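Predicted model only: the values in this text are computed from it and were never measured. Side-chain atoms are counted along with the backbone in the values below, which use heavy atoms only and exclude waters and symmetry mates.
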Amino acid sequence: MNDVQRFENLKKTIDNDPTNFQARRELAVMCLDMGFDMMALKHLNYLSNTFPNDPNLYFNIGICWEKLKQFKFALDAYTKAVKLKEDEPDFLYNLALIYETLGMDDEAMSQFKKVICLENEDSNSFFCIGCLFAKKDETENAIKCFKKAIEYNYGDYFAHFHLANMYKKIGETDKAVEEYKKVIELSESYSWAYFNLGQIFYERNDIENAIIMLNLTIEKNPKDKEAYKLLTQLYIKINDLDTAIEVLNEMKENLTESGDFYFLYAKIYELKQDLKGYRNCLELALKNDSSLSFNKYAILKELNECPPIEEMIEEQAEETTEGLLEEEFLEEEDE
């Protein structure tokens, strides 16, 4: 019997005998597994009214509410489950996650610690506590927790990634690089690891490796706006303006045009001494300020210091006239 047949049989059984609690329980769990959350919730609530002291029912009700993004109802259900069975790690863990979702970090921390008291090697709880310490800027405690998470589950690349972030934050970039490389070994497609390595190499002025890592970031995630921006800035820095333009054009293909896009183009025009293009792009950057991460007021200052287009045209005309007169003068001298 396949799942669909079993599902239909359970429904018929309950229709014929609503008091068949075992069939209703099986159907509720099956609905939950199949993504029929509201139907699962209906059956679980029916059962909880009949068996008000069954903690597993409240736990599954909590899962339903959580999947439906009704986190306060989920909190209520998980709390009931924990009150009925205080030594169940899964109940405590889900309750902690809901507290964290609702921004109740101290309560979440308390529940994660209870899980660890029951299961000393629970890597997920150590990881979550590490994230909570990181939010509090308690970096050393966060590092200890991420190390514990890795000790009990080396394959947790999220723990390696967050540990690397902590090392990067306190300036221990060699250790950060080591951990980011472990992330890539464990999850080759995790683009943020490549990007953060690119950042570190950029800051070290290791241009070659920065370019490699930022290009890999874009390869893994063509929608990574920050990677395009940093790679463009890198090429501008080494005065490879043609490649910088290529990166921006690729950015335009994969993302919508933005204030950042126009500002970076402005910097290229500035270096090319195309003042008209420079001014136009600064204006476009400010018009798209909702997608501008560079300092808006600094850009406005640049624009104010840039001469109007009319003056630029006049200057260019004067330079052209002067050039022609100089050529005529030289020709006369030659004669």
Side-chain angles (χ1 to χ4, degrees), residues 3-4 6-11 13-15 18-136 145-146 148-149 152-153 156 158-159 162:
D3 286 345
V4 174
R6 182 164 168 259
F7 182 83
E8 291 300 327
N9 284 343
L10 286 169
K11 279 180 67 180
T13 300
I14 294 167
D15 288 341
T19 61
N20 189 326
F21 302 125
Q22 182 57 38
R24 191 180 290 275
R25 189 183 291 262
E26 287 181 31
L27 181 60
V29 172
M30 198 169 190
C31 287
L32 196 57
D33 290 340
M34 295 173 73
F36 302 143
D37 303 320
M38 287 302 299
M39 189 182 292
L41 191 59
K42 171 188 168 184
H43 292 297
L44 289 167
N45 280 328
Y46 182 98
L47 289 166
S48 69
N49 289 328
T50 308
F51 304 101
N53 295 316
D54 186 334
N56 291 300
L57 290 174
Y58 293 112
F59 178 67
N60 284 328
I61 288 170
I63 291 173
C64 285
W65 283 125
E66 190 173 354
K67 290 174 74 176
L68 291 165
K69 309 295 183 186
Q70 297 294 324
F71 300 119
K72 289 186 178 178
F73 290 131
L75 175 63
D76 181 61
Y78 288 140
T79 301
K80 287 177 181 176
V82 168
K83 282 182 179 177
L84 290 166
K85 194 172 184 182
E86 296 179 352
D87 60 350
E88 174 52 57
D90 287 344
F91 297 177
L92 292 164
Y93 183 78
N94 279 34
L95 178 59
L97 289 176
I98 286 295
Y99 275 133
E100 187 176 5
T101 300
L102 292 170
M104 303 168 72
D105 291 350
D106 291 339
E107 291 84 353
M109 180 87 75
S110 174
Q111 299 305 318
F112 284 129
K113 287 180 178 178
K114 287 179 183 178
V115 176
I116 290 171
C117 287
L118 293 167
E119 294 189 349
N120 298 334
E121 298 183 1
D122 188 86
S123 62
N124 289 330
S125 291
F126 276 113
F127 172 77
C128 291
I129 292 172
C131 290
L132 290 170
F133 277 131
K135 282 176 71 176
K136 291 172 177 276
C145 289
F146 292 136
K148 278 289 185 184
Y152 298 130
N153 181 13
D156 185 351
F158 286 116
H162 283 267

(message) With a 4.5 Å cut-off on side-chain heavy atoms, are V82 and T79 touching?
(response) no

(message) I'd like to know if K72 and D76 make a salt bridge, using a cut-off of under 4.0 Å between side-chain N and carboxylate O.
(response) no

(request) Please report the closest heavy-atom contact between A159 and A149, naming both atoms and the distance. (result) CB-CB, 4.1 Å

(message) Any non-hydrogen side-chain atom of K113 less than 4.5 Å from a side-chain atom of C117?
(response) no

(request) Nearest 0.5 Å please: distance from the CG atom of L41 over to the CG atom of L44. (result) 6.5 Å

(request) Specify the closest pair of heavy atoms between F7 and M34, including all atoms of both residues, with the distance to one decimal. (result) CD1-SD, 3.9 Å

(message) Looking at every non-hydrogen atom in both residues, tell me the closest pair between A77 and I61 and how far apart they are.
(response) CB-CG2, 3.9 Å

(message) For the CG atom of D156 and the NE2 atom of H162, what is their distance to the nearest 0.5 Å?
(response) 9.0 Å

Could you tabulate the donor-acceptor pairs under 3.5 Å formed by side-chain atoms of residues 24-33, not counting sequence neighbours?
unit_1: R24; atom_1: NH1; unit_2: H43; atom_2: ND1; d: 2.9
unit_1: R24; atom_1: NH2; unit_2: P18; atom_2: O; d: 3.1
unit_1: R25; atom_1: NH1; unit_2: D54; atom_2: OD2; d: 3.1
unit_1: R25; atom_1: NH2; unit_2: D54; atom_2: OD2; d: 2.9
unit_1: E26; atom_1: OE1; unit_2: R6; atom_2: NH2; d: 3.4
unit_1: E26; atom_1: OE2; unit_2: Q22; atom_2: NE2; d: 3.3

(request) Find the distance between CG (D15) and CG (N20) and round it off to the nearest 0.5 Å. (result) 11.5 Å

(message) Under a 3.5 Å distance rule, please check whether T50 uses its side chain to pair with a backbone N or O of Y46 as donor and acceptor.
(response) yes

(message) To the nearest 0.5 Å, what is the distance between NZ on K148 and CG on N120?
(response) 9.0 Å

(message) With rounding to the nearest 0.5 angstrom, report the CZ to SG distance, F112 to C131.
(response) 8.5 Å

(message) If the threshold is 4.0 Å, N to carboxylate O, is there a salt bridge linking K42 and D37?
(response) no

(request) Calculate, to the nearest 0.5 Å, the distance between atoms CG and NZ belonging to L132 and K136 respectively. (result) 7.5 Å

(message) To check you understand the geometry: which heavy-atom pair defines the closest contact between A81 and P55, and what is its length?
(response) CB-O, 3.5 Å

(request) Could you check if a side-chain atom of L75 sits within less than 4.5 angstrom of a side-chain atom of F73, using non-hydrogen atoms only? (result) no

Name each donor-acceptor pair under 3.5 Å that joins a side chain in residues 123-130 to protein atoms two or more places apart or in another chain, with its distance.
unit_1: S125; atom_1: OG; unit_2: D122; atom_2: OD2; d: 2.7

Counting only pairs under 3.5 Å, give me each side-chain donor-acceptor contact of residues 85-104, with atom names and distances, residues two or more places apart or in other chains.
unit_1: E88; atom_1: OE2; unit_2: D90; atom_2: N; d: 3.2
unit_1: N94; atom_1: ND2; unit_2: Y78; atom_2: OH; d: 3.1
unit_1: T101; atom_1: OG1; unit_2: L97; atom_2: O; d: 2.9

(request) Looking only at non-hydrogen atoms, find the nearest pair between E121 and Y152 and report the distance. (result) CG-CE2, 3.4 Å

(message) Using a 3.5 Å distance criterion without hydrogens, assess whether the side chain of N49 forms a donor-acceptor pair with backbone atoms of N45.
(response) yes

